[in-house]
There are 2 protein chains.
Amino acid sequence: MSLIFSRQCEYALQAVLYLALKPLDDMTSIKELTKRLDIPYHFLAKILQDLTRKGLLSSLKGPTGGFGLGMPAKDITLFHIVEAIDGVEFMHNCVMGFPECSGKNPCAVHEKWANLRDGVYTMLVSKNIAEMAKNMRKPEYQSV
Amino acid sequence: MSLIFSRQCEYALQAVLYLALKPLDDMTSIKELTKRLDIPYHFLAKILQDLTRKGLLSSLKGPTGGFGLGMPAKDITLFHIVEAIDGVEFMHNCVMGFPECSGKNPCAVHEKWANLRDGVYTMLVSKNIAEMAKNMRKPEYQSV
DNA sequence: CTATATTAAGACTAAAATATCTGAATATTA
DNA sequence: TAATATTCAGATATTTTAGTCTTAATATAG
């Protein structure tokens, strides 16, 4: 199986994007997220805790508690989330895994991959999640 | 960690590309491959057996035995190898993992990812491994 | 025919990723 | 203050991927 981001990272992207649809102040419980996004409860909990530790989210315990964005949505890009969960190694690594591949010693697809990878980067940074949330035809969240 | 192809698949790409540098008839031992490519012996062995079963490689036992391409290099693309090892799901799946993401119900980066993914596809099919081997500045194989 | 160098196959182990469980801490509300 | 709903933290379990080991089969060369 090939996939560009880990499952954890996919879940993180989905969850943060969902939170971006909400007003900053009100907190969303794991329960709601897990229901709407169809992500295993405890697994999501750990991911959200991780994002909270890293400042992307904020959390509050108790009834009316939950998770919300840790900073204004206009300051968060998808790249921030990928960076926090998966790291940015994919920006440097050879797509065929050649350890010595580099500009000076390129593999057969070095240049092409470099372009594509830059395209991925652009995709991740060119819009903040506020813009995304605004004109997003909701990606089929599960009904409540 | 994010990486587009599995490690197994990376190894497969490296190995087949290495074999494409050789004349069709002569067989290359796992020992040579493992040394030049710095891939664990037994792990590589299994990958090569897999590729052989799928017809991309041929094999011969005994002294002077080893592995070689199973068809002319001009008929093999990187895509064939990826297809054989990792499969092609990455061509269809949403980059953020939204199960319901589609053209009609696109996620925030659906179109952009579709373009990039097509670029990856093009990268994998636009050249056969004979062409690649021909004008390849060898990607730093380990010395013998 | 025998010794040897190879691949084939399958069982096994190790590590990483994914997922679950449990109990504690904490905030809210009645 | 008591009951409740939540996150927090860490242990555990499961699954997948990566890697290893061992024995058998087979081809070659002497």
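This one's a predicted model, so the numbers in the text were calculated from it and none came from an experiment. The chains referred to below are lettered A, B, ... by the order of the sequence lines, with proteins before strands, and numbering in each begins at 1.
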* Asked: Expressed in angstrom and rounded to an integer, what is the separation of D50(A) atom CG from dG10(D) atom P?
  -> 13 Å
* Asked: Tell me: CG of L44(B) to C1' of dT20(D), nearest whole Å?
  -> 14 Å
Between side-chain atoms of residues 107-119 of chain A and protein atoms elsewhere (two or more places apart, or another chain), which donor-acceptor pairs fall under 3.5 Å?
unit_1: K112(A); atom_1: NZ; unit_2: S126(B); atom_2: OG; d: 3.1
unit_1: R117(A); atom_1: NE; unit_2: M91(A); atom_2: O; d: 2.8

* Asked: Who passes side-chain contact (heavy atoms from CB on, under 4.5 Å) against N128(B), sequence neighbours left out?
  -> K74(B), A130(B), E131(B)
* **Length of the CG-C1' vector between D38(B) and dG19(D), whole Å** => 14 Å
* **Rounded distance in Å - CD (Q14(B)) to P (dA18(D))** => 13 Å
* Asked: How would nucleotides 7-16 of chain C be written as a contact map, 5' to 3', with B for base contact, S for sugar-phosphate-only contact and - for no contact, using protein heavy atoms under 4.0 Å?
  -> BBB-B-----
* Let me know, please, whether Q8(A) or P63(A) comes out on the 5' side of the other along DNA chain C by nearest nucleotide. => Q8(A)
* Structure fact -> Between CE of M27(A) and P of dT29(C) the distance, given in whole Å, is 14 Å
* To do: Please state how far atom CZ in F5(B) lies from atom C1' in dA18(D), giving the value in whole angstrom units.
  => 19 Å
* **Contact list for residues 48-68 of chain B, test salt bridge (Lys or Arg N to Asp or Glu O under 4.0 Å), sequence neighbours left out** => D50(B)-R53(B), D50(B)-K54(B)
* Does T64(B) have any side-chain contact (heavy atoms from CB on, under 4.5 Å) partners at least two apart in sequence or in another chain, and if so, which? -> none
* To do: Can you sort out the partners of S102(A) under side-chain contact (heavy atoms from CB on, under 4.5 Å), two or more places apart, ordered by chain and number?
  => K104(A), N105(A)
* Asked: Can you find a heavy atom in the side chain of L17(B) that is under 4.5 Å from one in the side chain of L13(B)?
  -> no
* Asked: What's the CZ-C1' distance between F43(A) and dC21(C), to the nearest Å?
  -> 15 Å
* Asked: Any side-chain N or O of Y11(A) less than 4.0 Å from the OP1 or OP2 oxygen of dA19(C)?
  -> yes
* Structure fact -> When rounded to whole Å, the CD1 to P distance for the pair I47(A) and dT20(C) reads 11 Å
